[in-house]
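In what follows, every heavy atom counts, from backbone to side chain, and hydrogens, waters and symmetry copies are set aside.
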Amino acid sequence: MPAHDVLIIGAGLAGQRAALAAADAGATVAIMSKVHPVRSHSVAAAGGINAAINVADDWRSHAYDTVKGSDFLGDQDAIEVMCSEAPGEVMHLEHIGVTFHRNESGELDLRAFGGASAKRTAYVADITGQAILHVLYEQLMKYSDRVDRYEEWFTTSLVLDDSGACVGVVARDIRTGAMETFSAKNVILASGGAGQCFKPTTNGLICTGDGIAQAYAAGAPLMDMEMIQYHPTCLVENGFLITEGARGEGAHLLNADGERFMEKYAPNKMELASRDVVSRAEQTEINEGRGVGPGGVGIYLDVTVVPRKRTLEALREIVNIGKDFAGVDITREPIMIRPGQHYIMGGVKTDIDGKTPLDGLYAAGEVACVSVHGGNRLGANSLLDTLIFGRRAGEHAAARATDMRMPTATTSVQRDDEKMIASIIDRPREGRRISEIKDELGTVMNRHVAVFREEAGLQQAHEVVRRLKEESKTAYVDDRGTIFNQDVLGAVELGYMLECAEAIVVAAIERKESRGAQFRTDYPERNDDEWLKHIDINRNGDDVPQVSYSEVTFTQWQPEERKY
Ligand SMILES: Cc1cc2nc3c(=O)[nH]c(=O)nc-3n(C[C@H](O)[C@H](O)[C@H](O)COP(=O)(O)OP(=O)(O)OC[C@H]3O[C@@H](n4cnc5c(N)ncnc54)[C@H](O)[C@@H]3O)c2cc1C
């Protein structure tokens, strides 16, 4: 049985950064990913990464902006760690070969981003995630003697020992269909977000919340699950993302009357208010009949006000996206956008070293909730989160491994998972198709658990999710083979998505106030007296999840009214 000091599930930025850090600390490391590492969703990150590296800036200002962006739900100890370590991390990336954009004096250039009081977003045109991910992968190649890679392996479960500590995982080799148990002193979940619970979403097809659901099934609490980010600028047709970098470079948002309506909602920051604020403003304009395009469901993003040369240089990816997916040349005419699901602030609850309450189990990146984003994540803070807490989790797990005996994971979980997969393959071709259920899930979540929420809609969404959970138990797959059977993995992923969706809905029903991305039309005010606390969600067998609360950590900044 393969055995490692540190086994990392997920090879996006969080996973690769964790692997490099754990290997540097002397651990034997393995990294596992259901797709080739450079196809992880991190590759799609466009706009950039935040760090107060300008001499006129200060990490405390970055931290304050993050606290305010989070609507005071973020844990300030974690935010201080992230923001104070950011400049060093970005310089480290630059030193290992990330070709960040430079200004005319040869210094790292920084662009403006939403909710930030200074220009502090370092970028590589609008392919920042791709640039960083490829450089980390180069490093991983260099570490071939120290880091084993399981590429195109799909983790199906975490394995616990009798004391409840995590001691390994079960995984399926996608190429052959063979299942195997891996022992590990520590497992780091770095398996990304759960955007596919919504339709449309900016997230890749692989963002199905696997790690969130696996940790939850193993007994780890989830936190801040109600906090779902809708990004203000997604293509109306398919939810593709137009990076916030566009507004950072100066693009305007216009309603059907040609008005820069953000004046009414955020007179100081305008288009660069935080994402929850801008998305709500857009949705209000649309709901009140000032939307553009067929059915008035869109808003115009006008990039033509940015000098064309600059757009072609600094926003070239979205020039292509505009042409290829909307038939619009953004350098010459406005493009129609609307708010779309983009990011999950919640996830597996961890401390500032990535530790979950389960011994031996860590989480970092979008799968985790530290919580640095609280009620709303600032643009360009997620890449930073993945790297800072990926590194810290890697270092901490490696240190924990030093005085430990290698555990041997039981193989009974593997037998259960083999039976589970065989039973999916054996289902008669009646019942519903996996894709139909997924479609209904995404549609209902996008209808009722979106920018504006209220009790009746949330209850309806919960009922639908409960029904879909039942229907998914008999949903059938077409492919009955073993080689690259993505069909059966799609069925397993659907189960993960339904678990995540239920946790999201239950938390959204629970929080009876409006804060950050959670706006309840039936409770439109923020209510610090009752709700300045995290909502934790624990699994409760097949029943509705259990809700409890935990405290928000404050260090320097007391809650105040949030205006942009
Ligand atoms: C279109 C888009 C643009 C974005 N732009 C920005 C930006 O400019 N700046 C910013 O800060 N943030 C941005 N974000 C957010 C940010 O990119 C993500 O939050 C971040 O990259 C997530 O990284 P990660 O390492 O946590 O997970 P991911 O990069 O999603 O990687 C997850 C990994 O887990 C693996 N995995 C998942 N499940 C399993 C399983 N069952 N078995 C084995 N492996 C598994 C996957 O194969 C993958 O390797 C953007 C997001 C999107 C969708």
Quick check against the 3.5 Å criterion: does Glu366 have a side-chain atom that pairs as donor or acceptor with the backbone of Tyr343?
no

Value rounded to 0.5 Å, distance of NE2 in His342 from OG1 in Thr201:
8.5 Å

Would you say Asp161's side chain and Val167's backbone share a donor-acceptor pair under 3.5 angstrom?
no

I would like to know whether Met82 and Leu384 meet side chain to side chain contact (heavy atoms under 4.5 Å, CB included); could you show each step before the answer?
CA-CA 7 Å; Met82 180 175 82; Leu384 182 61; 3.7 Å; yes

Has Asn446 got a side-chain atom pairing as donor or acceptor with Gly442's backbone, closer than 3.5 angstrom?
no

So does Gly69 get a backbone contact from the side chain of Asn376, meaning a donor-acceptor N/O pair under 3.5 Å?
yes

I'd like to know whether CG of Asp162 has more than 12 heavy-atom contacts from other residues, nucleotides or ligands below 6.0 angstrom.
no

Does a donor on one side chain and an acceptor on the other come within less than 3.5 Å for Thr181 and Gln414?
yes

Could you walk me through whether Lys512 and Asp522 pass the salt bridge (Lys or Arg N to Asp or Glu O under 4.0 Å) check?
CA-CA 8 Å; Lys512 293 184 176 47; Asp522 42 358; over 6 Å; no

Assess whether a salt bridge exists between Arg429 and Asp478, defined as any Lys/Arg side-chain N lying under 4.0 Å from an Asp/Glu carboxylate O.
yes

Of all the heavy-atom pairs spanning Gly164 and Leu358, show the shortest one and how long it is.
O-CD2, 4.2 Å

Counting distance only, does the side-chain N/O of His373 pair as donor-acceptor with the main-chain N or O of Met345 below 3.5 Å?
no

Report yes or no: does Asp71 contribute a side-chain atom to a donor-acceptor pair with the main-chain N or O of Leu73 at less than 3.5 Å?
no

Would you say Arg467 and Glu471 make side-chain contact, with heavy atoms under 4.5 Å?
yes

Salt-bridge test for Lys68 and Glu560: reply yes if a basic N is under 4.0 Å from a carboxylate O, no otherwise.
no

For Ala22 against Ala398, the heavy-atom pair lying closest together:
O-CB, 3.8 Å

Salt bridge or not for Glu282 and Arg338, using N-O below 4.0 Å?
no

Check whether any side-chain heavy atom of Met179 lies under 4.5 Å from a side-chain heavy atom of Ile421, and answer yes or no.
yes

Does the side chain of His4 reach to within under 4.5 Å of the side chain of Met32, using non-hydrogen atoms?
no

Could you tell me whether the side chains of Tyr523 and Gln518 share a donor-acceptor contact shorter than 3.5 Å?
no

Below 30° counts as parallel, above 60° as perpendicular, anything between as tilted: where do the rings of Phe519 and Phe452 land?
perpendicular

Would one find more than 12 heavy atoms of other residues, nucleotides or ligands at under 6.0 Å from atom CZ of Arg427?
yes

Least distance between heavy atoms, Ala27 atom then Val6 atom:
CB-CG2, 4.0 Å

Less than 4.0 Å between a side-chain N and a carboxylate O, is that true for Asp487 and Arg480?
no

Identify which one of Asn538, Val506, Ile537 satisfies the side chain to side chain contact (heavy atoms under 4.5 Å, CB included) criterion when paired with Gln546.
Asn538

Donor-acceptor under 3.5 Å (Asp224 side chain, Gly347 main chain):
no

Can you find a side-chain donor-acceptor pair between Thr66 and Asn381 that sits under 3.5 Å?
yes

Would you please say whether a donor-acceptor pair under 3.5 Å links the side chains of Gln229 and Asp276?
no

For a 4.5 angstrom cut-off between non-hydrogen side-chain atoms, does Ser279 reach Pro232?
yes

Test item: side-chain donor near acceptor, Glu152 and His36, under 3.5 Å
no

State whether Asp353 and Arg400 are salt-bridged, where the test is any N-O pair (Lys NZ or Arg NE/NH1/NH2 against Asp/Glu carboxylate O) under 4.0 Å.
no

Does any non-hydrogen side-chain atom of Ile437 lie less than 4.5 Å from one of Leu468?
yes

For the residue pair Tyr230 and Phe198, does the interplanar ring angle fall in the parallel (under 30°), tilted (30 to 60°) or perpendicular (over 60°) class?
perpendicular

For residues Glu510 and Trp531, report the shortest heavy-atom separation together with the two atoms involved.
O-CH2, 3.0 Å

Treating Thr156 as the side-chain partner and Asp417 as the backbone partner, does any N or O pair qualify as donor plus acceptor under 3.5 Å?
no

Check: Phe72 main-chain N/O paired with Ser70 side-chain donor or acceptor under 3.5 Å:
yes

With Asp403, which residues qualify under side-chain hydrogen bond (donor to acceptor under 3.5 Å, both in side chains), at least two apart?
none

Over all heavy atoms of both residues, which pair between His534 and Asp75 is shortest? Give the atoms and the distance, please.
NE2-OD1, 3.0 Å

With no hydrogens and no angle check, just 3.5 Å: does a side-chain donor-acceptor pair link Glu80 and Thr555?
yes

Less than 4.0 angstrom from a charged side-chain N to a carboxylate O is my criterion; do Glu418 and Arg172 meet it?
no

NZ (Lys438) and CG (Leu205) are apart, to the nearest 0.5 Å, by 5.0 Å

Going by atom types alone, do Ser191 and Asp210 pair a side-chain donor with an acceptor below 3.5 Å?
no

To the nearest 0.5 angstrom, please state how far the SG atom of Cys197 sits from the CD atom of Gln341.
8.0 Å

What distance separates Asn527 CG from Ser514 OG, expressed to the nearest 0.5 Å?
10.0 Å

Closest non-hydrogen atom pair, Ile206 against Lys34:
O-NZ, 3.0 Å

Short N-O contact, Glu226 and Arg453, less than 4.0 angstrom
no

Could you tell me which residues satisfy salt bridge (Lys or Arg N to Asp or Glu O under 4.0 Å) with Lys185, sequence neighbours excluded, listed by chain and number?
Asp5

Mind checking whether Met223 and Asp536 have side chains closer than 4.5 Å, heavy atoms only?
yes

How many angstroms lie between CZ in Arg466 and CG in Asp543, if you round to the nearest 0.5 Å?
6.5 Å

What verdict does the side chain to side chain contact (heavy atoms under 4.5 Å, CB included) test give for His462 and Val544, after you've listed the backbone C-alpha separation in whole Å, the side-chain angles of each residue and the deciding distance to 0.1 Å?
CA-CA 10 Å; His462 194 197; Val544 172; 3.9 Å; yes

Can you check whether Ala508's main-chain N or O pairs, donor with acceptor, with Arg520's side chain at less than 3.5 Å?
yes

Do Pro200 and Asn238 touch side chain to side chain, with heavy atoms closer than 4.5 Å?
no

Within the 4.5 Å heavy-atom criterion, are Met445 and Val505 side-chain neighbours or not?
yes

I'd like to check the side-chain contact (heavy atoms from CB on, under 4.5 Å) partners of Lys473; sequence neighbours left out, ordered by chain and number.
Glu470

Nearest 0.5 Å, what's the CG-CD1 distance between Leu458 and Ile509?
5.5 Å

Whether Asp542 and Arg539 form a salt bridge (side-chain N of Lys/Arg under 4.0 Å from carboxylate O of Asp/Glu) is what I want to check.
yes

